[in-house]
Amino acid sequence: MNILSLLVLVPVLTVAAILLAKDNKQTRLYSAVGMSIQLILSGILVYMYIQERNAGNTELMLFVKDYVWFESLNIHYAVGVDGIAVAMIALTSVIIFTGIFASWEVFNLHREFFISLIVLSTGVFGFFISLDLFTMFLFYEVAVIPMYLLIGIWGSGKKEYSAMKLTLMLMAGSALLLVGLLGIYMHSAPEGAPLTMNIMEIAKYDIPVEVQRFLFPFTFIGFGILGALFPFHTWSPDGHASAPTAVSMLHAGVLMKLGGYGAFRIAMFLLPEAANEQAWFFLLLTGGSVVYGALGAIKQKDLKYINAYSSVSHCGLILFGILMITKTAITGAIIQMISHGIMTALFFALIGMIYGRTHTRMIHEMGGLMKVIPFLGVAYVIGGLASLGLPGLSGFVAEMMIFAGSFEHADTFHRVLTIFAITAIVITAVYILRVVGILLLGPVKNKHFFELKDAKWWERLPLITLIAAIAFIGIAPFWIIELIDESLVPLMDKLLSIQ
Amino acid sequence: MIPNIPLSYFFVVGTLMFFIGVFGFLTRRNLITILMSVELILNSVNINFVAVNRYLFPDNMHGHFFTIFIIAIAASEAAVAIAIILNIYRKFKTINVENVSEMKY
Amino acid sequence: MDFTYTILIPLIPLFSFLIIGFLHNKLSNTVASGIGITALTASFVMSYYTAYKYFFTTEKIDGAYQKIIGYNTVWLQFTENLHIDMGTLIDPISVMMLVVVSTVSLMVHIYSTGYMKGEDGFNRFYSFLSLFSFSMFGLVVSTNIFQMYVFWELVGVSSFLLIGYYYDKPSAVAASKKAFIVTRFADMFFLIGILTVGYITDTYDFLALTDPSGSAIAQGGGILFMGMSTMTWALILIFMGGAGKSAMMPFHIWLPDAMEGPTPVSALIHAATMVVAGVYLVARLFPVYSISAPDALEVVAYVGAISSLFAAIVATTQFDIKRVLAFSTMSQIGYMITALGVSGMHGHEGVGYMASMFHLFTHAMFKALLFLGAGAVIHAVHSNLMNEMGGLRKYLPVTHITFLIATLTIAGVPPLSGFFSKDEILVAAFHHDKFIFFIQLFVAGLTAFYMFRLYFRVFWNKEPHYHHTPHDAPMSMKFPLMFLAMFSFVAGFLPFNEWITVDGKAIEIHTEWVVAIPATLFGLIGIAIAMVMYKKETAIPDKISAAFGKFYKWTFNKFYFDEIYMFVTHKIIFNIVSKSVAWFDRNVVDATMDGIGHVTEKSAEMIKGLQSGQIQKYGFVFISGAIIIAIAFILNLFY
């Protein structure tokens with residue numbers, strides 16, 4: 001059995017096990033066990049990957065498996081990973097693992113909840129291992145659709161509206177994407193040769209430039225909507241605000257990264273000429289959204305909205321780094337994906353835990369929480385510091401690589417845009433410290449807060465896992481860079497060969 | 001075999017029956033009459049099948065097969081339709097189609 | 001010479017931070033402070049050993065001290081040549097800074113066992129102190145400019161944590177936020193400057209950057225705008241970062257507020273070590289400034305001079321003793337910055353550089369002493385305001401004597417150390433720019449005045465009614481005072497001109513009476529005026545402040561800098577920009593998206609009437625359609 005297929009199989013088996021579960025306790029036990037196995041599996045995958053590379057295997061994709069699935073359209077179930085995908089898989093497994101613990105206290109329709117959650121993660125895993133455009137799209141949809149149920153049923157606030165909005169906007173993205181993917185398929189081989197859906201095969205052939213020009217916006221925006229590309233980001237604040245904790249974690253932590261990953265792997269890699277030509281336009285959008293999201297976060301009152309806007313800013317930086325098309329910036333963008341994924345999962349987990357105690361998410365109704373729930377408070381501060389790019393935590397590495405990479409362009413346009421984006425680090429500090437100041441510091445505002453209990457073990461476990469991951473990336477970034485560095489070379493060669 | 005009846009006569013009868021059926025289907029409000037109109041349409045088609053089969057392809061029986069098939073379908077359809085009509089009557093105390101508009105929008 | 005062990009100097013406090021931090025609610029206060037002090041003592045011993053080894057036993061080449069890389073490793077690779085390294089660079093100024101930081105930090109660690117006794121979160125305090133020491137050591141030994149930026153941010157956050165130590169006090173929270181955000185704002189310029197320098201010179205490495213004969217320093221990057229090269233602009237940006245940390249105009253507003261932190265913290269971070277990071281940064285890059293961007297150096301000189309004047313004027317009117325000291329710090333750092341700005345590279349021209357480092361050293365000692373003394377006073381009377389003090393010399397003899405020594409030192413009375421270092425700065429300014437010289441001379445007088453105003457108001461003057469008799473501090477607090485007072489004496493006689501120069505070669509210095517006499521005179525006049533006005537309670541101060549009228553009010557309110565910043569940040573950025581962005585997002589971007597949804601819904605509403613549910617209507621449409629198609633076929637319309 002191929003290890004990559006196992007990554008899809010384990011969640012499916014977990015779902016089957018949950019179907020047999022008798023009560024809430026068993027449900028979460030099965031989920032926790034299943035996702036722990038998944039975490040271990042992805043650990044093994046990372047290890048195996050590094051072993052293979054060290055053994056001198058220079059294949060672009062490792063652990064490749066290919067089964068014909070639908071002959072006449074040449075659709076295959078083709079899987080394989082490079083370093084970037086491995087890193088993303090590791091990220092996903094960490095977040096789904098912590099997400100299970102963050103939903104420890106879901107009692108309402110628990111079985112269905114965990115099933116949806118795990119199905120969602122199946123989609124994400126499938127997406128990252130796919131080499132075939134069609135299966136990739138299929139898994140993408142598998143990841144998006146449970147979101148509707150999860151928000152619509154277990155959400156809070158205007159949940160129906162948010163669920164509908166989120167799903168519709170993502171579906172609109174899928175529609176654009178489908179046009180792009182089919183277009184790529186239709187031009188995936190020279191005249192007369194059989195068409196193919198396999199990314200690696202398509203990459204060997206240069207799609208005609210005029211076709212690329214047409215397809216690039218579809219593909220990029222299609223993925224960009226999921227990656228909170230301005231102005232298609234508005235599903236994110238509402239969606240996050242209504243979603244239950246674990247869903248926010250997975251969504252902001254992993255699903256939004258699908259957008260960035262896809263934009264890079266499909267849009268940029270397969271359509272390199274158009275990417276180089278049209279990058280300036282999207283750079284303006286993303287560079288703007290970096291500052292725009294940060295500014296939007298300053299005056300928000302709801303914790304989840306603050307975090308959603310901060311995600312817009314940070315995810316803007318991901319696309320910004322990708323579009324810079326320099327190796328440093330793209331490495332930075334990939335680290336930013338991982339870093340933001342972990343960071344934002346930490347935030348949403350904390351917000352969920354704080355909300356579970358105070359029953360409000362309005363920052364002005366809280367205050368002095370550091371005194372009563374110090375563990376959560378300290379975790380929040382660490383998350384905040386990571387978010388504003390403190391050295392030693394993951395955000396710094398990612399941001400610096402993106403900025404330094406962006407500065408490799410010597411022209412005024414890129415420089416000015418980069419400097420503009422750099423201003424976001426100050427604005428980020430402003431809104432993070434504002435929240436920390438109002439929420440955690442100062443005198444305790446409500447005397448009921450004195451009765452609050454600090455984190456339980458199932459809350460500490462995910463928080464510590466996430467913080468450890470943040471610190472690990474922040475202190476030893478070279479490991480993760482080594483993981484993705486080699487895989488980036490062929491991608492960069494293709495992108496840069498045009499310039 | 002009556003050779004001096006031209007095929008067009010059958011067509012005239014069939015067409016008349018068909019349009020009478022259509023007219024009834026579109027104008028009648030009573031479900032039973034609508035059902036009867038539908039039967040008329042079906043039977044007009046049956047006539048055409050049989051006639052055309054006899055006149056143009058006397059060597060094979062395809063037209064007859066279809067006719068028998070349609071009669072069978074019509075019978076079962078009538079049974080289902082009447083069952084539905086009965087249920088509608090129980091629920092709405094009427095079999096006027098205009099009053100039965102639960103399925104709109 | 002092997003200096004690999006120097007990497008331990010920052011690492012030991014890091015471990016103590018981790019230990020105290022992770023176990024902070026398991027350890028007893030004694031153990032926690034014990035761990036902190038032990039770690040710092042280890043770093044202290046190693047720093048002094050390094051200083052001894054470097055200055056006395058390391059071989060000089062061509063009469064110059066060499067820059068030695070003790071340890072270096074690539075931490076984060078950007079491109080082939082651009083990478084963030086982590087390591088230790090041993091050269092005269094870093095060794096000097098190691099001594100300063102370890103001395104003051106150790107003293108503060110010891111002092112705090114007394115000062116912070118019984119405070120809630122005592123262990124947290126010690127873990128943060130260790131974190132700060134780690135960051136500061138890391139900063140001073142940086143081998144490349146990005147490493148410095150890394151630790152620059154870390155000292156910033158330690159400062160944030162320590163200012164906000166009393167986190168349930170809203171003013172402390174506000175002050176910590178302000179300090180972090182203002183310095184962060186300046187750091188943004190620093191970062192842009194670093195990136196620009198990196199891409200002009202293709203290196204972040206200090207050795208490569210500052211090598212006077214190297215290739216990096218020759219790069220100007222071409223004219224950017226306003227007739228100055230890209231390099232000049234980049235260095236000005238870097239200096240802005242330094243100005244933010246060192247509380248130079250216009251980024252000074254955070255420093256007075258930072259006094260909300262516990263007093264030992266003010267002594268360590270906001271007087272002796274972190275705030276001089278900006279000076280250290282400019283000194284570190286001094287050859288680059290001097291050779292490839294003399295224009296930037298002019299900016300440095302004037303910013304320093306104006307800041308020192310501004311701060312000295314404001315200091316004369318403040319009543320909170322810690323704020324007086326804060327403004328005094330700002331003023332003295334202005335001195336150091338100016339000294340760098342007026343310095344040249346070689347020989348006697350380089351006296352400004354030497355003087356700046358010299359003053360940094362002496363200032364660290366006497367200002368830490370002043371703050372710790374002020375802490376002892378506050379500890380005794382439980383107030384920061386000098387109105388509630390007076391006549392304390394009887395109650396706090398040790399504090400009184402040490403405070404007096406420090407005050408005399410800062411006032412520049414010979415033969416205390418402040419006299420020597422300030423004198424060198426004035427000499428440097430005198431030879432470079434007379435205007436700056438006169439500003440600095442005037443500031444010297446003002447310094448003496450406001451420091452003795454403070455001294456007399458606190459230790460002499462009229463005694464207010466104390467709720468309970470003030471008593472002198474415990475031994476743990478007295479020892480650091482005495483230790484630092486000793487340093488204030490001794491430091492002036494250290495041969496800085498031999499040790500710390502731009503090119504590592506000793507320079508000749510001789511007293512220039514043209515400078516020394518007026519400087520001392522100004523100082524003595526300042527002291528005399530202060531004595532007349534404040535030794536006994538008199539009506540003179542009120543009269544004078546009334547005579548100055550508006551000017552006094554402006555000064556008292558620190559020239560309304562805070563209000564301007566408040567206006568810009570809260571009114572403009574928060575309320576106008578941010579609110580409108582949030583509004584725009586909700587009501588334009590999101591509304592457009594919702595609008596698309598609404599249009600879809602509305603059009604569905606409009607056409608849904610067709611689904612009438614009337615089977616006969618459907619049938620009619622169907623049959624008409626069929627007939628139309630049939631007719632079309634019959635008439636051959638499709639061909």
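Values reported hereafter were calculated over all heavy atoms of this structure, with side chains retained and with hydrogens, waters and symmetry mates removed. We name chains A, B, ... by the order of the sequence lines, and we start the count at 1 in each one. Note that this is a predicted model, so its numbers are computed, not measured.
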query: Is R415(A) close to F407(A) at the side-chain level, that is, under 4.5 Å between some pair of heavy atoms?
result: yes
query: Hey, do the aromatic rings of F472(A) and W479(A) have their centres closer than 6.0 Å?
result: yes
- line: Cut-off 4.5 Å, heavy atoms of chain C, and the answer for M400(A) is both
message: At a heavy-atom distance under 4.5 Å, which candidate from L195(C), V173(C), V588(C) has the highest pair count against chain A?
response: L195(C)
query: Out of P231(A), A404(A), G296(A), which one racks up the most heavy-atom pairs below 4.5 Å with chain C?
result: A404(A)
statement: Counting heavy-atom pairs under 4.5 Å with chain C, the top scorer among V436(A), T423(A), V381(A) is T423(A)
query: Is any side-chain N of the basic residue among R586(C) and D594(C) closer than 4.0 Å to the acidic one's carboxylate O?
result: no
task: Mind ranking T196(C), L82(C), D187(C), I194(C) by heavy-atom pairs under 4.5 Å with chain A and telling me who comes out on top?
output: T196(C)
field: Segment of I422(A) engaging chain C (4.5 angstrom heavy-atom cut-off)
entry: both
statement: If one checks every heavy atom of V577(C) against chain A at 4.5 Å, the contacting part turns out to be side chain
message: I need the single residue from Y165(C), F132(C), F17(C) that forms a ring-ring contact (aromatic ring centres under 6.0 Å, His included) with F125(C). Which is it?
response: Y165(C)
task: Give, as side chain, backbone, both or neither, the part of L168(A) having an atom under 4.5 angstrom from any heavy atom of chain C.
output: neither
- request: Specify the closest pair of heavy atoms between V581(C) and Y292(A), including all atoms of both residues, with the distance to one decimal.
  value: CG1-O, 3.6 Å
query: At a heavy-atom separation under 4.5 Å, does T326(A) approach chain C through its side chain, its backbone, both, or neither?
result: neither
query: Who wins among F185(C), Y166(C), W152(C), F189(C) for the most heavy-atom pairs under 4.5 Å with chain A?
result: F185(C)
field: Proximal component of F403(A), with respect to chain C [non-hydrogen, under 4.5 Å]
entry: both
query: Which class fits the ring pair Y149(C) and F396(A): parallel under 30°, tilted 30 to 60°, perpendicular over 60°?
result: parallel
query: Which of these, F15(C), F151(C), F128(C), sits in a ring-ring contact (aromatic ring centres under 6.0 Å, His included) with F134(C)?
result: F151(C)
- line: So, the part of K165(A) with a heavy atom under 4.5 Å from chain C: the answer is side chain
Steps toward side-chain contact (heavy atoms from CB on, under 4.5 Å) verdict (D168(C), K371(A)): CA-CA 8 Å; D168(C) 45 7; K371(A) 198 134 233 164; 2.6 Å; yes
field: For chain C, the option from T418(A), V444(A), I427(A), V430(A) that forms the most heavy-atom pairs under 4.5 Å
entry: V430(A)
task: Count the heavy-atom pairs under 4.5 Å between each of R184(C), K579(C), M86(C), Q77(C) and chain A, then report the option with the highest count.
output: R184(C)
- prompt: Contact part of L388(A) toward chain C, heavy-atom cut-off under 4.5 Å: side chain, backbone, both or neither?
  reply: both
- prompt: Measuring heavy-atom distances to chain C, does E408(A) have an atom under 4.5 Å in its side chain, in its backbone, in both, or in neither?
  reply: both
- prompt: Side chain of T600(C), backbone of I596(C): donor and acceptor closer than 3.5 Å?
  reply: yes
task: For chain C, find which of V397(A), L295(A), L433(A) contributes the most heavy-atom pairs closer than 4.5 angstrom.
output: L433(A)
- request: Under 4.5 Å heavy-atom distance to chain C, tell me which part of Y305(A) shows up: side chain, backbone, both or neither.
  value: side chain
- prompt: With no hydrogens and no angle check, do the side chains of T143(C) and N72(C) hold a donor and an acceptor under 3.5 Å apart?
  reply: yes
query: Any luck finding a side-chain donor-acceptor pair between H233(A) and D585(C) under 3.5 Å?
result: yes
